[in-house]
Amino acid sequence: MLDIRLFRDQPDAVREGLRSRGRDSSVVDEVIRLDAQRRELLASLEQLKSESNRVSKEISALKKAGKSGDDQVERMRQVRDEIKAGDSRLASLSAEIEAALLRIPNLPDPACPRGESEADNVEVRRWGEIPRFDFEPKAHWDLGPELGVLDFDVASKLAGARFALFRGAGAAMERALISYMIHLHVAHHGYTEISPPFLATRQAMQCTGQVPAMEEDMFRVANSDLFLIPTAEVPLCGYHANEILDGGQLPIRYTGYTPCFRAEAGAAGRDTKGLIRRHQFDKVEMAVYCKPEDSPAELQRLLAAAEDVLQGLGLPYRVMELCTADIGPNAVRTYDPEVWMPGMGRYVEISSCSDCGDYQARRGQVRFRREPGGRPEFVHLLNGSGLAVGRTFAAILENYQQADGSVVVPEALRPFMGGLDRITPA
RNA sequence: GGAGAGGUGGCUGAGUUGGUCGAAAGCGCUCGACUCGAAAUCGAGUGGCGGGGGUCAGACCUCGCCCGUGGGUUCGAAUCCCACCCUCUCCGCCA
C-alpha cells in the first residue's frame, strides 16, 4: 500500500498516479478526510491516556502512603470510559482507512509509459527467428493430444473445465522444464531455490496484494481459512514479512517452483482452449528484495533471467513494457516477455517482471537497516515469472513441431529428460 | 486428533500475593579511554510503531501504544480470566 504521508503531503501526485491508471481519484479526498479525523481523535485520546497514566501513579503513591485516593479512583472511572469509547471510534476509523489503502494501487514510475489501454504497451525488443514451416503449423491443443502428451478430456473428467493433464513424455517434459529453469536461475543468476507451502494465510495473501482486491479470483480451502496460492510470489515475497533485514544481506534473490491456482472469475470464454489459461498451472517464479536505489537495475536483471530461459530454449519472443493503464496494481514498472506461438499465430505473455517499489514491503512490513542501529527503511520488492511452465510447454510444441507431427526436444532440455531428443506420436 | 510445557527487547533470560516494569542481568552491537595496533579491561550508549512540536532535511523535545494475537476483569495487567494462533515433548494417525 501507499504511505499515508503521501496523501497528506503530495495528494496531487497520488491523484495523478491513479488517473494514469484510468482509476477514479476521488478516494484520495476520502482518505485525507478520514486521516484528518483520525489524527484529531488520536490527539485528544492521547491526552486522556496521559492523564490516566499520571493519576494512576498518584493512586499508587497514595495507597503506599496508606491514604485512600477515592477521589482519584472516581476520576479514573470516568476517564477509563471516555478512553474506551474513543478507542473504539479510533479503531473503526483506522480500519476504514486501512481498507481504503489496501485497495488503492501503487503509483506508476515516471518512466512507465503513459497509456490508455493494453494497446499502448511499448515493444522494447525482439529476439530469435520466427520459424518458417512448409506446412500449416498446428496449435498446441491439437498437437498435444495427437502426440498423446496432453489430455484435456481426462482433465475435465477429473476436475472440470480449465484443467490440463500431462502424459508420458509430456509429463516428463513439464518436469524437465521446471528443473531446467530453476537450474538456470540458481547456477547462473544467483538465486536461492525455495520450495514453499502451496497454501497461504489471508495475511500472506494480503502482503502481496491478492487480497482483498482480487479475492474473488482466488481459490479458498473450504474447511480452513487458507487460500491456494495463485503464484509463488505469495510465499517468496511473504518470506520476510515483519522482519527487519540487515542492509548487508541485500539483495536477496529467491526462485521457486509451485503450482498456481486461479479461479479465473473474470475470464469466462477467454482462452478456453489449450494451456494458456487454466485453473491450475505450474510456474517458476523469481523474487528479489533490494535497497530502494537498486530496484531499477534489479528489474533489468530479473528480466534478463527470464529472457535467458527463453533464449536457452531457443524460443522467439519480444519484450513489451506495459503502460500505466496495463501494469498490475502492485507495480511501478513492468516488462512482459511474450513468446511467439506459430500455431496460434501471435505472441503470448509468458512472463511478467515487475518492480513493486515499497508497496508490498509496506503491506508486509519488510524492512532493512543500512547500518546497525540505523532507522529501518522499507525494502523494494520485485517479482517475475521465469517462466510460466504450461505456456512454455505450449510454445515448445508449436515452435518445434515437424512435418511428420513429431516435436523436437530443445537441446537444453534433453539432459533433464534422460537424453530424449524427439517426441513422436505414440 | 489427545496429553503436557511454553511464547518477554538483535540473542540468552529474570520478572505471577496486579501498582513508578517498556521491563533486571548477561551476550551482541556502537562510541570513547587505555594500546604502536589488537585482545583483555574500564566508561557511556543501544528496541519498534504512531501523533504533535522542531528542522531545508536531520539531530532533538514531547506524548501515546507495543511483553504471541484479540477480548475481558480492575482506578491500574507482562503479571488474573476467556478465546484463538504458533513452537516444543510424548501418544495416536499417516505420505
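Source: prediction; values computed, not measured. Every chain is numbered from 1 and lettered A, B, ... according to where its sequence line falls, protein lines coming before strand lines.
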S.K.: What's the closest nucleotide to the A/L42 side chain, out of B/G19, B/G50, B/G47?
M.R.: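 Of B/G19, B/G50, B/G47, B/G50 is nearest to the side chain of A/L42.
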S.K.: Taking the side chain of A/R39 as its heavy atoms from C-beta onward, which of B/G52, B/U73, B/G48 lies nearest to it?
M.R.: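 The answer is B/G52, which lies nearest to the side chain.
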S.K.: Need to verify one output field. Residue with the more 5' nearest nucleotide on RNA chain B, A/K84 or A/R5?
M.R.: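 The residue whose closest nucleotide sits nearer the 5' end is A/R5.
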S.K.: Expressed as a whole number of Å, how far does the C1' atom of B/C29 sit from that of B/G92?
M.R.: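 It works out to 47 Å between them.
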S.K.: For the CG atom of A/L93 and the CD atom of A/Q37, what is their distance to the nearest 0.5 Å?
M.R.: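 Separation between the atoms: 5.5 Å.
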S.K.: Examine B/G51: is either OP1 or OP2 under 4.0 Å from a nitrogen or oxygen in the side chain of A/R8? Give yes or no.
M.R.: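 So the side chain of A/R8 is within the cut-off, an N or O lying under 4.0 Å from OP1 or OP2 of B/G51.
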S.K.: Need the pair for B/G18. Rule: Watson-Crick or G-U wobble, both distances under 3.5 Å, any strand; none if unpaired.
M.R.: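 Check on B/G18: unpaired, no WC or wobble geometry under 3.5 Å.
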S.K.: Using a strict 4.0 Å threshold on nitrogen-to-oxygen distance, state whether A/E46 and A/K49 make a salt bridge.
M.R.: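 Not counted as a salt bridge, because no side-chain N and carboxylate O are separated by less than 4.0 Å.
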S.K.: Do the charged groups of A/R77 and A/D81 touch, with an N to O distance under 4.0 Å?
M.R.: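 Between A/D81 and A/R77 there is no salt bridge, as every charged N stays at least 4.0 Å from the carboxylate O atoms.
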S.K.: Mind checking the C1' distance from B/A40 to B/U35? Whole angstroms is fine.
M.R.: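 After rounding to an integer number of Å, I get 11 Å for this pair.
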S.K.: Nearest whole angstrom, please: distance from the P of B/C29 to the CD1 of A/I244.
M.R.: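 Taking atom P of B/C29 as the reference, CD1 of A/I244 is at 19 Å.
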S.K.: For A/F281, which of A/R391, A/E174, A/R162, A/R262 qualifies under side chain to side chain contact (heavy atoms under 4.5 Å, CB included)?
M.R.: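 Of all the options given, the one that passes is A/R262.
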S.K.: Checking base pairs now: Watson-Crick or wobble, both atom distances under 3.5 Å. What partners B/C42?
M.R.: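 Partner of B/C42: B/G32.
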S.K.: Both distances under 3.5 Å, Watson-Crick or G-U wobble: report the partner of B/G4, or none.
M.R.: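 In the structure as shown, B/G4 has B/C88 as its Watson-Crick or wobble partner.
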S.K.: Look at A/R369 and B/U30 and indicate whether a side-chain polar atom (N or O) is within less than 4.0 Å of OP1 or OP2.
M.R.: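 False: A/R369 side-chain N/O out of range (4.0 Å or more) of B/U30 OP1/OP2.
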S.K.: When you check the gap from the basic side-chain N to the acidic O, do A/D24 and A/R19 get nearer than 4.0 Å?
M.R.: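 No salt bridge links A/D24 with A/R19.
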S.K.: Checking base pairs now: Watson-Crick or wobble, both atom distances under 3.5 Å. What partners B/G47?
M.R.: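 Pair assignment: B/G47 / B/C66.
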S.K.: Could you pick out which residue, A/R375 or A/R38, lies toward the 5' side of RNA chain B when each is mapped onto its nearest nucleotide?
M.R.: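 Here A/R38 is the residue nearer the 5' end.
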S.K.: Measure the CZ-CG distance between A/R167 and A/L147 for me, rounded to the nearest 0.5 Å.
M.R.: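 One gets 11.5 Å once the value is rounded to the nearest 0.5 Å.
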S.K.: Identify the nucleotide, in any strand shown, that forms a Watson-Crick or G-U wobble pair with B/C27, with both distances under 3.5 Å; if there is none, say none.
M.R.: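 WC or wobble partner is B/G10.
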S.K.: Could you state the atom-to-atom distance from CG of A/D35 to P of B/G50 in whole Å?
M.R.: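 That distance rounds to 12 Å.
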S.K.: Centre-to-centre under 6.0 Å for A/F166 and A/F393, is that the case here?
M.R.: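 When the ring centroids of A/F166 and A/F393 are compared, they turn out to be within the sub-6.0 Å range.
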S.K.: Starting from C1' on B/U17, measure out to NZ on A/K63 and report it in whole angstrom.
M.R.: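 It is 16 Å, rounded to the nearest whole Å.
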S.K.: Roughly how far apart, to the nearest Å, are B/C49 and B/A59 at atom P?
M.R.: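 The answer is 12 Å between these two P atoms.
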S.K.: How long is the gap from CD1 on A/I327 to CG on A/N106, to the nearest 0.5 Å?
M.R.: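 Going from CD1 on A/I327 over to CG on A/N106, the span is 7.5 Å.
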S.K.: How many angstroms lie between atom CZ of A/R363 and atom CG of A/L101, to the nearest 0.5 angstrom?
M.R.: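 With rounding to 0.5 Å, CZ (A/R363) is 9.5 Å from CG (A/L101).
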S.K.: So that I know where these two stand, are A/Y254 and A/Y191 an aromatic pair - ring centroids less than 6.0 Å apart?
M.R.: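 No: the rings miss the under 6.0 Å criterion.
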S.K.: For A/I59, report the nucleic acid contact type (base, sugar-phosphate, nothing); a contact means any heavy atom under 4.0 Å.
M.R.: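 Result for A/I59 = base.
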S.K.: Rounded to the Å, how far apart are A/L48 CG and B/C75 P?
M.R.: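 Rounding to the nearest Å, CG of A/L48 and P of B/C75 are 17 Å apart.
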S.K.: Between CE of A/M1 and CG of A/D358, what distance do you get to the nearest 0.5 Å?
M.R.: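 That separation rounds to 10.5 Å.
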S.K.: Between B/C86 and B/G26, how far apart are the two P atoms, rounded to whole Å?
M.R.: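 My reading of the P atoms in B/C86 and B/G26 gives 37 Å.
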S.K.: Atom CD1 of A/I4 to atom P of B/G52: distance rounded to whole Å?
M.R.: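 Distance, rounded to whole Å: 11 Å.
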S.K.: Is any side-chain N of the basic residue among A/E298 and A/R333 closer than 4.0 Å to the acidic one's carboxylate O?
M.R.: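 Looking at A/R333 together with A/E298, the answer is no, because their closest N to O distance does not fall below 4.0 Å.
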S.K.: For nucleotides B/G71 and B/U30, find the distance between their P atoms and express it as a whole number of Å.
M.R.: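 Approximately 40 Å lies between the P atom of B/G71 and that of B/U30.
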S.K.: Find the distance A/Q365:CD to B/G48:P and express it as a whole number of Å.
M.R.: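 The answer, rounded to whole Å, is 13 Å.
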S.K.: Take atom P in B/C90 and the same atom in B/A83, then report the distance between them in whole Å.
M.R.: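 Comparing P positions in B/C90 and B/A83 gives a spacing of 27 Å.
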S.K.: Mind checking whether A/Y289 and A/H240 have ring centres under 6.0 Å apart?
M.R.: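 A/Y289 vs A/H240: aromatic centres under 6.0 Å.
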S.K.: For B/G9 versus B/C65, give the span between their C1' atoms, rounded off to a whole number of Å.
M.R.: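 Going atom to atom, C1' in each nucleotide, I get 16 Å.
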S.K.: Can you measure A/I97 atom CD1 to B/G51 atom C1' for me and round it to whole angstrom units?
M.R.: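 Rounding to the nearest Å, CD1 of A/I97 and C1' of B/G51 are 13 Å apart.
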S.K.: For the atom pair OG (A/S406) and CD (A/Q401), what is the distance rounded to the nearest 0.5 Å?
M.R.: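 The OG atom of A/S406 sits 9.5 Å away from the CD atom of A/Q401.
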S.K.: Name every residue in residues 192-210 of chain A that has at least one heavy atom under 4.0 Å from any atom of RNA chain B, in order of residue number, or write none if there are no such residues.
M.R.: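 Heavy-atom contacts with RNA chain B come from no residue of residues 192-210 of chain A; none.
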S.K.: Atom pairs, N/O to N/O, protein against nucleotides 61-66 of chain B, distance under 3.5 Å?
M.R.:
{"residue": "B/C63", "atom": "O3'", "partner": "A/S50", "partner atom": "OG", "Å": "3.3"}
{"residue": "B/G64", "atom": "OP1", "partner": "A/N53", "partner atom": "ND2", "Å": "3.2"}
{"residue": "B/C65", "atom": "OP2", "partner": "A/N53", "partner atom": "ND2", "Å": "3.3"}

S.K.: Which pairs, protein N/O on one side and nucleotides 76-84 of chain B N/O on the other, fall under 3.5 Å?
M.R.:
{"residue": "B/G76", "atom": "OP2", "partner": "A/R80", "partner atom": "NH1", "Å": "3.3"}

S.K.: Using the P atom in both, what is the distance from B/U79 to B/C67, to the nearest Å?
M.R.: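 My reading of the P atoms in B/U79 and B/C67 gives 8 Å.
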